[in-house]
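Worksheet for the structure shown next.
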Amino acid sequence: QVQLVESGGGSVQAGGSLRLSCAASGYTYSSYCMGWFRQAPGKEREGVAAIDSDGSTSYADSVKGRFTISQDNAKNTLYLQMNSLKPEDTAMYYCAADPVRRLSWGFTWALAHFPYWGQGTQVTVSS
């Protein structure tokens with residue numbers, strides 16, 4: 001079965017950087033559209049960044065220019081490089097997989113489009 005396992009979260013000061021990883025297994029990794037989501041306490045889960053098998057990417061406006069999504073198909077691993085972190089980036093970060101849609105066709109940030117989720121990794125940014 002599909003398994004997604006995140007790692008790399010932690011506590012940093014504002015302006016710092018973190019790199020999240022998501023190890024995938026149980027399917028042909030490059031065949032799915034992958035995304036990073038986050039959920040802060042008391043808030044809804046929101047999409048942060050997505051990447052497709054052709055390397056195309058999409059970002060939420062709040063992270064453009066600061067976060068970079070990438071993947072290593074040989075290692076079945078998804079990454080999220082987060083720079084210039086702000087206190088408002090504090091959240092649980094999740095990776096997720098959409099086996100149906102592509103960034104160029106039908107993609108939305110709707111949670112229901114992502115049937116596969118990791119357990120999350122906590123990111124805390126202090127001011």
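Residue numbers start at 1 and run along the sequence shown.
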For the residue pair [X] and [Y], what are the closest heavy atoms and their distance?
X: D98; Y: V100; result: OD1-N, 2.9 Å
X: P99; Y: Y116; result: CG-CE1, 4.0 Å
X: S21; Y: T77; result: CB-CG2, 4.3 Å
X: Y79; Y: D72; result: CE1-CB, 3.9 Å
X: G120; Y: M92; result: C-SD, 3.7 Å
X: S127; Y: P87; result: CB-CG, 3.9 Å

Identify whether [X] and [Y] are in the same connected component of the hydrophobic contact network (ILVMFWY, side-chain heavy atoms under 4.5 Å).
X: Y59; Y: F37; value: no
X: L78; Y: L103; value: no
X: V2; Y: I51; value: yes
X: V125; Y: V63; value: yes
X: W117; Y: L20; value: no

Quick one: pull up [atom1] in [X] and [atom2] in [Y] and give me the separation to the nearest 0.5 Å.
X: M34; Y: F114; atom1: CE; atom2: CZ; value: 9.0 Å
X: M82; Y: T68; atom1: CE; atom2: OG1; value: 11.0 Å
X: W36; Y: C22; atom1: CH2; atom2: SG; value: 5.0 Å
X: S84; Y: F67; atom1: OG; atom2: CZ; value: 9.0 Å
X: E88; Y: S62; atom1: CD; atom2: OG; value: 9.0 Å
X: S25; Y: L4; atom1: OG; atom2: CG; value: 7.5 Å

> Is it true that R38 and D89 make a salt bridge, defined as a side-chain N closer than 4.0 Å to a carboxylate O?
Replying inline: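 Yes, this pair counts.
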
Closer than 3.5 angstrom, by distance alone: can the side chain of [X] be matched with the main-chain N or O of [Y] as a donor-acceptor pair?
X: D54; Y: S56; value: yes
X: Q71; Y: D52; value: yes
X: E6; Y: Q119; value: yes
X: T121; Y: Y93; value: no

> Would you call the rings of Y32 and Y27 parallel, tilted or perpendicular if under 30° counts as parallel and over 60° as perpendicular?
Replying inline: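 Y32 and Y27: parallel rings.
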
> Just one of L85, L80, T124 clears the side-chain contact (heavy atoms from CB on, under 4.5 Å) bar with L18, so which one?
Replying inline: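 Output: one option passes, namely L85.
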
> Heavy atoms, side chains only, cut-off 4.5 Å: are E44 and E46 in contact?
Replying inline: no

> With a 4.5 Å heavy-atom cut-off, do S17 and V12 have their side chains touching?
Replying inline: no

> Does the side chain to side chain contact (heavy atoms under 4.5 Å, CB included) test come out yes or no for Q122 and S11, once each step is laid out?
Replying inline: CA-CA 8 Å; Q122 178 67 38; S11 297; over 6 Å; no

